[in-house]
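Have a look at the structure below, then the notes.
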Amino acid sequence: MMNCKQATRLLSDQLERPLGRGEKLSLKFHLMMCRACRNFGGQMGTLRSLSRDYAKTTGKTDKAETSKDTESSRGHEDS
Amino acid sequence: MSESGDTGSVARDVSQEVGRHPDSDLSASEQLVDPVFLGELRSQMVKFARLQLRDDDQAEDAVQEALAGALKNVGSFARQSALKTWVFSILKFKIADVLRYRQRVISSSELGDEEQREQVFMDALFNSNGHWHRAERPTSWSGPQGAVQSEHFWRVFDACLNGLPEKQARVFMMREFIELESEEICEQLALTTSNLHVILYRARLRLRECLENSWFETASAKSGKEVQS
């Protein structure tokens with residue numbers, strides 16, 4: 001019988017490689033009985049889409065930081 | 001000290017070279033690079049470098065040098081994805097240089113420590129039968145998902161990423177932010193496929209644990225209270 005440690009590993013691995021038939025079957029069986037691992041599986045997908053959104057949010061933060069930098073350096077020159 | 005001086009002069013050499021040939025391949029090839037694409041690429045690179053170097057100035061320097069180096073040869077890249085891979089492989093070497101230098105200065109942690117650390121983390125999540133400890137069972141994130149894109153959330157996300165061990169952070173970023181394929185990451189970092197999968201698994205376990213504890217759990221507790229009142 002597959003345990004949660006093995007099931008979560010497969011739930012991560014399936015984002016990287018197609019699972020074998022045996023793996024799929026034992027995972028499916030485990031997930032039928034285990035809500036925690038079902039939640040974990042959902043979170044894996046969320047984590048991937050969040051990460052892609054996160055990569056796109058950087059632009060704004062960088063701009064804010066740069067303008068702050070220029071302000072402080074300008075202040076420095078004045079003094 | 002002498003090392004940072006060296007890299008500085010490399011950057012100067014590059015910019016001088018670029019400056020000396022305004023009508024060379026660069027100006028023509030610059031048109032090939034969409035400024036929006038370049039802006040996004042740059043911010044991804046900065047994030048990537050910061051997470052690994054944990055030093056904003058060194059990160060900016062590494063990105064600047066990698067970009068300058070890559071843009072010289074941009075004409076040879078027919079596809080943006082090829083350019084992206086190339087730029088990040090240069091950046092990776094720049095980062096490795098900085099890290100190698102640091103490791104000479106500060107003694108690096110042993111591999112044994114790393115395995116021990118992972119074992120401790122796994123034992124905190126799973127019992128001896130490999131099942132979740134009751135308190136660690138993942139919950140459903142469906143509730144407060146709508147509010148997820150807030151600025152506050154991204155700060156939490158940032159903090160969780162920064163809490164990852166360095167190697168896990170690097171691999172996770174290459175895979176999920178830069179969206180490199182598994183084979184490319186293995187090749188660049190000299191990892192086996194199963195190595196890569198273990199590292200990604202550990203990074204995901206940590207990230208979801210951190211997000212659940214510092215965002216999703218508190219958010220659902222809050223919305224629970226609101227419903228009650």
Side-chain angles (χ1 to χ4, degrees), chain A residues 1-20 23-24 26-27 29-73 76, chain B residues 36 39-48 50 56 60 122 125-134 136-142 145 148-149 151 153-155 157-158 161 172-173 175-179 181-182 185 193-194 196-205 207-209 211-212 216:
Chain A
M1 258 288 288
M2 178 176 278
N3 63 29
C4 299
K5 209 190 257 187
Q6 295 161 328
T8 50
R9 173 65 198 270
L10 287 183
L11 287 166
S12 168
D13 275 15
Q14 74 177 1
L15 296 174
E16 306 307 319
R17 64 175 177 90
L19 299 184
E23 289 175 321
K24 268 189 203 160
S26 2
L27 180 61
F29 190 63
H30 179 93
L31 291 182
M32 278 189 333
M33 300 178 310
C34 180
R35 184 209 297 263
C37 287
R38 277 204 301 278
N39 287 335
F40 182 92
Q43 292 172 4
M44 288 300 97
T46 309
L47 205 53
R48 173 158 279 180
S49 60
L50 281 175
S51 302
R52 295 190 172 166
D53 290 347
Y54 175 78
K56 285 168 201 143
T57 60
T58 348
K60 285 180 217 156
T61 356
D62 280 353
K63 251 178 241 161
E65 275 165 27
T66 326
S67 64
K68 227 184 282 167
D69 285 352
T70 21
E71 261 174 47
S72 64
S73 65
H76 191 69
Chain B
V36 176
E40 265 179 22
L41 181 64
R42 194 179 181 286
S43 60
Q44 285 181 359
M45 290 170 77
V46 170
K47 238 175 203 174
F48 180 71
R50 270 187 193 158
D56 289 0
E60 288 283 345
M122 291 302 272
L125 294 181
F126 301 104
N127 65 23
S128 53
N129 297 324
H131 292 288
W132 293 103
H133 287 302
R134 186 174 291 273
E136 298 298 336
R137 286 180 192 158
T139 61
S140 166
W141 285 359
S142 55
Q145 275 276 72
V148 132
Q149 306 284 346
E151 209 175 302
F153 172 76
W154 292 122
R155 274 203 296 276
F157 195 81
D158 231 5
L161 273 174
F172 185 81
M173 289 205 79
R175 183 71 187 101
E176 303 293 7
F177 295 10
I178 305 157
E179 299 178 40
E181 293 302 327
S182 299
I185 302 172
T193 313
S194 64
L196 174 77
H197 292 174
V198 175
I199 295 169
L200 284 171
Y201 172 55
R202 288 169 173 174
R204 286 170 180 148
L205 272 177
L207 262 183
R208 69 141 293 279
E209 163 83 1
L211 286 176
E212 179 151 330
F216 288 97

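Lettering follows sequence order; numbering is per chain, from 1. Worth knowing before you read on, the calculation uses all heavy atoms, side chains too, and leaves out hydrogens, waters and symmetry mates.
In terms of non-hydrogen atom pairs under 4.5 Å with chain A, the most contact-rich of B:Met173, B:Glu179, B:Glu136 is B:Glu179. Note: A:Ser12 leads A:Cys34, A:Cys37, A:Ser12, A:Gly42 in heavy-atom pairs under 4.5 Å with chain B. The choice from B:Arg175, B:Arg137, B:Met122 that makes the most heavy-atom pairs within less than 4.5 Å of chain A is B:Arg175.
The part of B:Phe126 that comes within reach of chain A is its side chain, from C-beta onward, which places non-hydrogen atoms under 4.5 angstrom from that chain. Heavy atoms closer than 4.5 Å to chain B are found nowhere in A:Leu11, neither backbone nor side chain. Using a 4.5 Å cut-off between heavy atoms, B:Phe172 contacts chain A through its side chain alone, with no backbone atom that close. With a threshold of 4.5 angstrom between heavy atoms, B:Ile178 does not approach chain A through any atom at all. When heavy atoms are compared at a cutoff of 4.5 Å, B:Asp158 approaches chain A by way of both its backbone and its side chain. Looking at B:Leu125, there are no atoms closer than 4.5 Å to chain A (heavy atoms on both sides), in backbone or side chain.
Applying the 6.0 Å contact sphere to CZ of A:Arg17 captures more than 12 heavy atoms from other residues, nucleotides or ligands.
Classification of the B:Phe177-A:Tyr54 ring pair by plane angle, with boundaries at 30° and 60°, yields tilted. Classified by interplanar angle (parallel below 30°, tilted 30° to 60°, perpendicular above 60°), the ring pair B:Phe157/B:Phe153 is tilted.
Under the 4.0 Å criterion applied to side-chain N and carboxylate O atoms, A:Glu16 and A:Arg48 are assigned as salt-bridge partners. Note on B:Arg204 versus B:Glu176: salt bridge recorded, some NZ/NE/NH1/NH2 to OD/OE distance being below 4.0 Å.
The two residues B:Thr139 and A:Gln43 come nearest to each other via the heavy atoms O-NE2, 2.7 Å. Residues B:Leu207 and B:Leu161 come closest through the heavy atom pair CD2-N, 3.9 Å.
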